[in-house]
Amino acid sequence: MNILILGSGGREHTLAWKLKQSPKLSNLFVAPGNAGTGEIANNVPIGVNDFQAIKKLVLSERINMVIVGPEDPLVNGIHDFFLNDSDIGKIPVIGPQKAAAELEGSKEFAKKFMMRHKIPTAAYESFTAETLLEGFAFLESLRPPYVLKADGLAAGKGVVILNDLQEAKKELQAMLIDAKFGNASATVVIEEFLSGTELSVFVLTDGTGYKILPTAKDYKRIGEGDKGLNTGGMGAISPVPFADTVFMEKIHERIVKPTVQGLKKDNLPYKGFIFIGLIKVGDEPKVIEYNVRLGDPETEVVIPRIQNDLLSLLKAVADQNLDKVELKIDERTAATVMLVSGGYPEAYEKGKKITGYEDIDDSLVFHAGTTDLESKTITNGGRVMAITSFGNDFKEALGKSYKNIEKIRFVGMNYRKDIGFDL
Ligand code: AMP
Ligand code: GLY
């Protein structure tokens with residue numbers, strides 16, 4: 001089979017690395033890809049939202065399946081674009097159709113979905129410019145901290161948590177009246193603050209059948225001890241040690257099953273990955289958010305633990321016979337540490353030469369923000385590379401990653417030295 005992966009991060013390099021191991025693979029394309037995907041597949045300089053160019057590529061390279069990495073093209077309806085075009089309508093796309101992608105595209109949609117299907121989540125109300133005063137009154141009725149969420153996609157910045165009531169009101173006004181996040185904050189969800197430990201569960205579904213993939217925990221803040229600004233993710237561990245059998249059974253029965261059944265009941269076609277962000281409150285799992293894709297850097301620890309042939313697994317999703325597949329998971333722990341550009345997540349420079357990563361043999365090096373310049377690999381983004389290792393526990397896995405990171409150099413390189421500190 002010829003496969004096209006859309007995206008350019010560590011997630012897409014990991015998917016490419018895994019697909020390369022498939023005996024069913026003929027040619028692999030990544031659009032636009034990075035220096036890492038360029039080493040093992042054909043990079044094509046096409047943006048993930050350029051649907052016409054993607055169609056052309058799919059036809060000229062006889063692509064048999066498209067795997068969508070990031071949420072943007074899904075929320076923009078790439079799956080529907082394929083289905084509605086007779087030239088490419090039969091080519092499977094891994095990723096939900098637009099209507100179901102609203103689970104990530106709209107926080108209010110996701111909250112309503114959870115309420116309808118009795119999936120445990122924080123209590124909430126949503127507000128628009130017209131109901132600003134009701135929003136103030138609702139904030140007054142809550143105890144701090146106050147959780148405000150822009151309804152739409154805001155590049156991971158749309159959630160604001162504040163301790164002070166006056167600041168929370170100001171923030172609500174900025175979002176609704178001053179369009180702080182543009183159209184994404186035309187509606188704002190205000191919800192109950194949940195206190196607990198976060199983890200993520202990944203599900204692969206064909207719309208009816210589903211497989212629960214390994215759990216993972218990511219480290220979002222730039223600074224050690226979970227301090228400082230939010231990033232796309234500075235590291236991840238899988239499995240999450242505190243997600244024992246009893247807790248996983250609760251997640252399965254109360255969250256995963258009603259989610260997949262709810263999608264079906266609501267006639268929301270879904271073939272792809274569901275990323276469920278959870279928080280463990282006491283002993284109970286509650287949903288913080290849905291994403292309609294894999295996470296990054298969670299992919300860098302979840303996918304390497306899957307022992308099945310990924311192409312067969314995704315083919316089973318396309319053919320809707322996932323129920324017939326037996327999932328095999330590596331029992332070991334995988335951990336990844338993200339190397340980032342100096343200054344990230346604020347302004348940073350690109351174009352720094354990266355050395356030493358070729359000499360690593362007992363860790364997996366997944367490129368994120370990298371590109372080639374005159375046969376050298378240079379930095380091309382805030383998150384540059386994820387170094388993944390296996391171990392009998394997360395400490396052993398992290399030890400390998402940290403040892404190998406010492407071989408890698410680029411000007412301004414930064415990373416968190418405390419991944420897993422809270423476990
Ligand atoms: P989200 O973009 O929905 O993942 O939210 C970003 C982060 O905000 C989450 O990873 C949590 O750390 C935090 N968060 C979101 N909702 C809540 C909530 N209801 N209570 C406490 N923390 C939350
Ligand atoms: N690591 C979080 C995300 O991919 O959204």
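Start at 1 and go down the list; that is how both ligands and their atoms are numbered. Quantities reported herein were computed from a predicted structural model and do not represent experimental measurements.
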Of all the non-hydrogen atoms in the protein, which one sits nearest to [atom], and at what distance?
atom	answer
atom 20 (N) of ligand 1	Leu194 N, 2.8 Å
atom 1 (P) of ligand 1	Glu289 OE1, 3.4 Å
atom 17 (C) of ligand 1	Glu191 OE2, 3.8 Å

Within-shell test, Arg293 vs ligand 2, heavy atom, strictly < 4.0 Å = yes
request  = Take every heavy atom of Gly295, measure it against each atom of ligand 2, and state whether any distance is under 4.0 Å.
outcome  = yes
inquiry  = If I apply the N/O under 3.5 Å rule, does Lys220 come out as touching ligand 2?
reply    = no
ask   = Should Gly232 be counted as touching ligand 2, given the test is an N or O pair under 3.5 Å?
value = yes
On the ring face of [Y], is [X] found with NZ or CZ under 6.0 Å from the centre and within 45° of the axis?
X	Y	value
Lys400	Tyr402	no
Lys111	Phe113	no
Lys280	Phe247	yes
Arg293	Phe273	no

Side chain, backbone, both or neither: which part of [X] has a heavy atom under 4.0 Å from ligand 1?
X	result
Ile161	side chain
Val159	side chain
Lys107	side chain

Using a strict 4.0 Å cut-off to heavy atoms of [X], name the atoms of ligand 2 that fall inside it.
X	value
Asp218	1 (N), 2 (C)
Glu298	1 (N), 2 (C), 4 (O)
Phe275	3 (C), 4 (O), 5 (O)

message = Any atom of ligand 1 sitting under 4.0 Å from a heavy atom of Asn230?
response = no
key: Check against side-chain contact (heavy atoms from CB on, under 4.5 Å), Glu125 and Ile190   = CA-CA 6 Å; Glu125 297 273 343; Ile190 301 180; 5.5 Å; no
inquiry  = Could you tell me, atom by atom, which parts of ligand 1 come under 4.0 Å of a heavy atom of Glu198?
reply    = 9 (C), 10 (O), 11 (C), 12 (O)
Side chains of [X] and [Y]: is there a donor and an acceptor less than 3.5 Å apart?
X	Y	result
Thr231	Lys220	no
Thr187	Asp151	no
Thr259	Tyr290	yes

